[in-house]
Amino acid sequence: MAINIDSKIPEGPVAEKWSNYKAHQRLVNPKNKLKLDVIVVGTGLAGASAAASLGEMGFNVLNFCIQDSPRRAHSIAAQGGINAAKNYQNDGDSVYRLFYDTVKGGDYRAREANVYRLAEVSNSIIDQCVAQGVPFAREYGGTLANRSFGGAQVSRTFYAKGQTGQQLLLGAYSALSAQVNAGKVKLYTRYEMLDVVIIDGKARGIIAKNLVTGKLERFSANAVVIATGGYGNTYFLSTNAMGCNCTAAMSCYRKGAYFANPCYVQIHPTCIPVHGDKQSKLTLMSESLRNDGRIWVPKKLEDAKALQAGTKEGWEIPEEDRDYYLERRYPAFGNLVPRDVASRAAKERCDKGFGVNNTGLAVFLDFSESIQRLGIDVIRQRYGNLFDMYEEITDVNPGEKRTSKNGMDYYNPMMIFPAIHYTMGGIWVDYELQTSIPGLFAIGECNFSDHGANRLGASALMQGLADGYFVLPYTIQNYLADQSIWPRISTDAPEFAEVEKATEERIQKLMNIKGKRSVDSIHKELGHICWEYIGMGRTKEGLEKGIKLIDELRKEFDTNLFIPGSREGLNVELDKAIHLDDFITMGKLIAYDALSREESCGGHFREEHQTEEGEAKRELLLCGLLEVSGQRCYRTRAHQGASRIRSNQSTNP
Amino acid sequence: MFDHDCREGICGMCSLYINGTPHGKTERGATTCQLYMRKFNEGDVITIEPWRSAGFPVIKDCMVDRSAFDKIIQAGGYTTVRTGAPQDANAILIPKEDADEAMDCASCIGCGACVAACKNGSAMLFVSSKVSQLALLPQGRVEAARRAKAMVAKMDELGFGNCTNTRACEAVCPKCETIANIARLNREFIKAKLAD
């Protein structure tokens, strides 16, 4: 059963929709802005930029984060770069091409109007960051430098060494800090939003837990914006930080916000492989490394076996015995194929037995050729910190020459394997980034809007800042235009008491289980189930089994969880238990969505739906809001024929 | 209780004094979360403490309150530019050497190891890294004087000590910031004060 939803896409050709919207939208006059409060949950790229921009405009902003400082958000760890359609390289880039590449990279499942807008504002983001003093890499002539990322044939990515996310976040954090100093933003650090409060059908506030005192507190506002990131930690091992969770997003889902495309989970092809059982996360090796690194496995199965047994090392295998499989299978893109393609290709080789470490789940990323061509200094300048990070973790230096043969130098190759990294799915939002609950907005990774079934590298940073600096500050005014004549909502309203009571009851229930298993032990089990059954290759039987196992795990959680410590004060295990409660729900949502999607597309690969060459086989599916076994999921429509973009028609809802 | 998050040495949350050194390393350039157990031997005794400084009150066990760092940035660690339509990013050329040096200064992760290592509890390496980043870029020159004065004043107000050039901070910084930053801040500060 499909329900029609209004995405509020403006009329007109796609290239004019955003200008049309801005010309005709309602605005809040400057004096009235001073009377309005906005809650922003999260201080990553999207949250910090939104809070700063709204504060500058005059709104009173309440900005929440779970860590001790806004600068700790996991956006800080993003490495490789941010896309923009500047065409400084004169290699054929344009707003249209960035739009096209992003839609195509998303396997044609993104809402075109949103993506075009993203490409349109991308240039302003770079300008804004430079004005903030973000130290982007420069050429000798003093202009900004660019590099290439996967899924594109132009060099449009701006970067700051291998720490672009850090610098962009610190730019937004600086802007946020200026507004805190100006008294326009009030920061609530070490607070976690546990639920949204809805009054007369509109989002009017939140209940948040003070993580230090343990107390639940009420906060009211004229609008609520969540910018709380993705749900990758459902898989326990991911490139996310330990604190990353989907609790805020799940609370909105439970209150009726639609969740869209949950099964579109991005598995990043170049992460440091799993080492053992006690591992707490997987570390990302930036996609930018694929600019100069070449991915390979041995051609001969006996070489692979020797690598797995530890009797041979990667550098010992000569050039002619190396299978550069991405270059072999995809000559047009080579090593820079989109992430889903690269991840599945790695899985394919490892499934056939060509894995290069003791678990058989790793491939090589090698810099020998580029170091020889450009010199170690240039390579270190581009990726220095990434090489150091790799060496810290594995004790192997990818910049160390091991031997020379027939005029070729052989360096230590990096070992990499796909890992959960980003979630394209998220809270459904319309063109205004408003969820299906009026007054509740979602920005950044926690919404579903711009990346379709697969996100291109360097576009998450672009989306977070686009949403926060240049989209939400406009669209939220259209909603708030009425609010200035309404009184401030008191947190004494009965709805606040109700939600606070329900939240406390939920916490008490968890505290009182007093079983025998720790949060982490159950979380690890959830991670194994999810990686196995809703990972890179999904099947009908696997998904049905996964759902069954998750149901059993839910029972185990509800009856056998043990949370040490008391309800009062700091209790990190309790906070983790709340996160896990929501991860279990999320795992099931992903599995149901994957089961009902009988096709392969982007981050969702159903083994039963592949072409002869092992590529994704896309189908035209029913779209819209669906009820699947009691779970509400929103699914975007596939395009007919993957090659044309129809720009003057309302396409994806 | 101890703070931790990214496990990859970039968020700055983890903050343990291990065997008498912030982040426990004798070689430079890594955080607590990047100190692997393979660096220790069976039977070793490992002593773990929180960051110690008047500027970082203890919340519980090894968790300390570093909001003083946020307050210092709020005092001036930014360029005053509204979100809007700034000029084209290439309009002002920046020499590569300056951009690279600014990037090195900007790598500070705000962990506070510098404060913890310093016998005076000085925050000069933290403050000077941000001031240096912006001092090296043309966009930061506009408010350079105001920034140096405001951030140093805030640092003093929040209870951090003064710098006596022991270089303990530089030795433990996980991002390899150097006291060249402190020298630069001193120059900016003196220039700003002389102009008053």
Side-chain angles (χ1 to χ4, degrees), chain A residues 49 52-53 56 67-74 76-77 86 88 124 126-144 160-161 163 166-167 170 173-175 177-178 180-181 187 189 212 241-243 280-281 283-284 388-389 392-393 395 469-470 473 569-570 572, chain B residues 1 3-13 29-30 34 36 38 59-61 63-67 69-70 73-96 98-107 109-110 130 133-134 136-137 139-140:
Chain A
S49 56
S53 305
E56 284 162 15
Q67 301 93 342
D68 68 330
S69 161
R71 65 180 296 159
R72 312 291 187 208
H74 201 48
I76 198 110
K86 284 285 195 184
Y88 286 151
S124 302
I126 304 298
D127 297 338
Q128 185 71 32
C129 292
V130 168
Q132 287 169 344
V134 169
F136 283 119
R138 299 225 167 218
E139 304 287 1
Y140 282 105
T143 54
L144 291 168
K161 265 202 341 207
Q163 293 161 219
Q166 177 195 40
Q167 292 311 313
L170 292 180
Y173 163 72
S174 285
S177 299
V180 173
N181 196 41
L187 265 183
T189 58
V212 176
M242 305 309 292
S280 57
K281 70 166 280 185
T283 306
L284 177 72
D388 289 340
M389 200 184 336
E392 280 297 333
I393 294 172
D395 240 359
Y469 284 136
F470 297 111
L570 248 176
V572 173
Chain B
M1 299 288 178
D3 276 323
H4 63 95
D5 206 13
C6 74
R7 300 283 167 100
E8 41 184 287
I10 192 75
C11 71
M13 246 184 126
Q34 292 174 311
Y36 292 89
R38 64 174 183 262
I59 296 176
K60 189 172 184 186
D61 299 345
M63 247 187 214
V64 299
D65 178 357
R66 283 170 292 185
S67 54
F69 268 15
D70 286 334
I73 299 290
Q74 286 156 21
Y78 48 82
T79 60
T80 304
V81 54
R82 277 185 67 120
T83 309
Q87 59 184 321
D88 179 70
N90 268 346
I92 302 177
L93 298 177
I94 300 179
K96 183 180 188 325
D98 293 349
D100 289 345
E101 205 176 349
M103 176 63 216
D104 286 341
C105 301
S107 297
I109 59 176
K130 180 54 71 179
Q133 171 204 344
L134 294 173
L136 284 161
L137 298 171
Q139 291 81 6

Please state whether the side chain, the backbone, both or neither of [X] comes within less than 4.5 Å of a heavy atom of chain A.
| X | value |
| --- | --- |
| B/T80 | neither |
| B/I92 | backbone |
| B/M13 | both |
| B/L137 | side chain |
| B/Q34 | both |
| B/I94 | both |

Roughly how far, to the nearest 0.5 Å, is [atom2] of [Y] from [atom1] of [X]?
| X | Y | atom1 | atom2 | result |
| --- | --- | --- | --- | --- |
| A/Q166 | B/S107 | CD | OG | 5.5 Å |
| A/Q67 | B/C6 | CD | SG | 10.5 Å |
| A/L170 | B/I109 | CG | CD1 | 10.5 Å |
| B/E8 | A/T283 | CD | OG1 | 5.5 Å |
| A/Q167 | B/M103 | CD | CE | 4.0 Å |
| A/L570 | B/D61 | CG | CG | 8.5 Å |

Quick one: what part of [X] sits under 4.5 Å from any heavy atom of chain B, side chain, backbone, both or neither?
| X | result |
| --- | --- |
| A/Q128 | both |
| A/A178 | both |
| A/V212 | side chain |
| A/D395 | both |
| A/I393 | both |
| A/F470 | side chain |

Contact winner vs chain A - [options], heavy-atom pairs under 4.5 Å:
| options | result |
| --- | --- |
| B/T79, B/T83, B/L93 | B/T83 |
| B/R38, B/H4, B/M1 | B/R38 |
| B/G12, B/G9, B/G77 | B/G12 |

Ionic contact status for [Y] with [X], cut-off 4.0 Å:
| X | Y | answer |
| --- | --- | --- |
| B/D104 | A/K161 | yes |
| A/K86 | B/D88 | yes |
| A/R72 | B/D3 | no |

Is any side-chain heavy atom of B/P95 closer than 4.5 Å to one of A/R138?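 A/R138 vs B/P95: side chains apart.
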Do you know which two heavy atoms are closest between [X] and [Y], and how far apart they sit?
| X | Y | answer |
| --- | --- | --- |
| A/A241 | B/D5 | CB-OD1, 3.2 Å |
| B/A89 | A/I126 | CB-CG2, 3.8 Å |
| B/K96 | A/E139 | CB-O, 3.7 Å |
| A/Y173 | B/F69 | OH-O, 4.3 Å |

Output yes when a side-chain donor or acceptor of B/Q133 lies under 3.5 Å from a complementary backbone atom of A/P135, and no otherwise.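 The answer is no, because no donor-acceptor pair under 3.5 Å joins these two groups.
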With distance as the sole test, does B/R82 use its side chain to make a donor-acceptor pair with the main-chain N or O of A/E56 at under 3.5 Å?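 Pair found, side chain donor or acceptor close to backbone of A/E56.
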Apply the test side chain to side chain contact (heavy atoms under 4.5 Å, CB included) to residues B/V81 and A/Q132: give CA-CA distance (whole Å), side-chain angles for both, the deciding distance (0.1 Å), then the verdict. CA-CA 7 Å; B/V81 54; A/Q132 287 169 344; 4.1 Å; yes
Below 4.5 Å, heavy-atom pairs only: which of A/V180, A/V134, A/T189 has the largest tally toward chain B?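 Of the candidates given, the most pairs with chain B belong to A/V180.
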When only pairs under 4.5 Å are counted, which of A/G141, A/A73, A/A131, A/A77 shares the most heavy-atom pairs with chain B?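 Most heavy-atom pairs under 4.5 Å with chain B: A/A131.
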Between B/D70 and A/S69, does a side chain to side chain donor-acceptor pair (under 3.5 Å) hold up when you go through it step by step? CA-CA 7 Å; B/D70 286 334; A/S69 161; 2.8 Å; yes
Show the numbers, then the answer: is there a side chain to side chain contact (heavy atoms under 4.5 Å, CB included) between B/I10 and A/M389? CA-CA 10 Å; B/I10 192 75; A/M389 200 184 336; over 6 Å; no
